[in-house]
Amino acid sequence: MKRKAKPRIAFLREQAGLTQLELSRLVGVTESTVQNWESGRTGINHIERVARFCKALNCRVEDLLEYVDNSSNSDAKPSSLSEIHDLLGTNEPSLEKNEKSGLTEEAQSNNKSNISL
């Protein structure tokens with residue numbers, strides 16, 4: 001006989017003195033998502049898997065995740081047009097050549113038109 005999981009979210013939420021709306025805001029989901037979790041309509045199989053991970057690895061839920069600070073990478077700003085093109089994957093040899101020569105496309109076309117006059 002297979003046992004069916006019964007969520008204890010409502011019980012624990014009430015013990016914490018929170019409403020469904022407050023819990024949803026703390027967790028970052030909608031209030032209806034919390035209602036579905038509490039009723040057992042959705043999300044229970046994910047919770048069961050996490051519980052099985054913890055049992056198999058003999059750890060707590062908090063031990064399953066490691067939070068890494070990615071802010072140092074996102075603060076790095078490109079220092080040249082070439083780096084921007086590298087990041088966007090839009091490198092064009094003519095653009096790099098123009099950038100290195102210090103001339104923009106407009107300046108180069110002006111130079112060409114001045115030569116033809």
Side-chain angles (χ1 to χ4, degrees):
M1 178 173 167
K2 185 173 177 171
R3 297 182 336 173
K4 185 177 190 278
K6 179 182 174 194
R8 298 185 62 215
I9 298 169
F11 172 75
L12 295 169
R13 174 185 54 77
E14 289 168 1
Q15 273 193 330
L18 297 171
T19 65
Q20 288 179 333
L21 179 61
E22 291 167 333
L23 179 60
S24 72
R25 289 181 177 166
L26 288 171
V27 176
V29 297
T30 64
E31 185 176 7
S32 63
T33 298
V34 170
Q35 291 168 351
N36 287 333
W37 289 344
E38 288 185 358
S39 69
R41 283 190 293 267
T42 61
I44 298 308
N45 56 347
H46 296 294
I47 295 170
E48 284 181 296
R49 285 187 195 123
V50 171
R52 281 185 253 150
F53 265 114
C54 291
K55 186 175 181 178
L57 299 172
N58 193 27
C59 68
R60 300 173 305 158
V61 173
E62 296 85 12
D63 298 331
L64 291 175
L65 300 174
E66 177 182 359
Y67 292 95
V68 182
D69 184 17
N70 287 335
S71 62
S72 60
N73 292 341
S74 62
D75 292 340
K77 295 180 180 158
S79 61
S80 68
L81 184 57
S82 176
E83 285 184 25
I84 292 171
H85 284 292
D86 286 342
L87 290 170
L88 296 175
T90 56
N91 279 344
E92 292 182 24
S94 61
L95 291 175
E96 289 178 18
K97 188 178 185 181
N98 294 343
E99 182 183 339
K100 288 178 184 174
S101 68
L103 296 175
T104 63
E105 282 185 41
E106 183 180 341
Q108 288 188 356
S109 65
N110 286 342
N111 282 348
K112 288 177 186 174
S113 62
N114 288 341
I115 295 171
S116 62
L117 292 176

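Count residues from 1 along the sequence. All of these numbers come straight from a predicted model, not from anything done at the bench.
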Apply side-chain hydrogen bond (donor to acceptor under 3.5 Å, both in side chains) to Thr42 and list each qualifying residue two or more places apart in sequence or on a separate chain.
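If we apply the side-chain hydrogen bond (donor to acceptor under 3.5 Å, both in side chains) test to Thr42, skipping adjacent residues, there are no hits.
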
Through direct or indirect side-chain contacts below 4.5 angstrom among Ile, Leu, Val, Met, Phe, Trp and Tyr, which residues connect to Val27?
Ile9, Leu18, Leu23, Leu26, Val29, Val34, Trp37, Ile44, Ile47

Under the salt bridge (charged side-chain N to carboxylate O under 4.0 Å, His left out) definition, can you give me all pairs with a residue in residues 13-34, not counting sequence neighbours?
Arg13-Glu38

Considering only residues two or more places apart or on different chains, which pairs with a residue in residues 45-55 satisfy salt bridge (charged side-chain N to carboxylate O under 4.0 Å, His left out)?
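Sorted pair list comes back empty.
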
Listed pairs under 3.5 Å, donor-acceptor, residues 57-65 side chains, sequence neighbours left out:
{"from": "Arg60", "atom 1": "NH2", "to": "Asp63", "atom 2": "OD1", "distance (Å)": "3.2"}
{"from": "Asp63", "atom 1": "OD2", "to": "Arg60", "atom 2": "N", "distance (Å)": "3.0"}

Show the nearest heavy-atom pair for residues Ser39 and Pro7, with the distance to one decimal.
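Distance-wise, the nearest heavy atoms are C-CG, 4.4 Å.
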
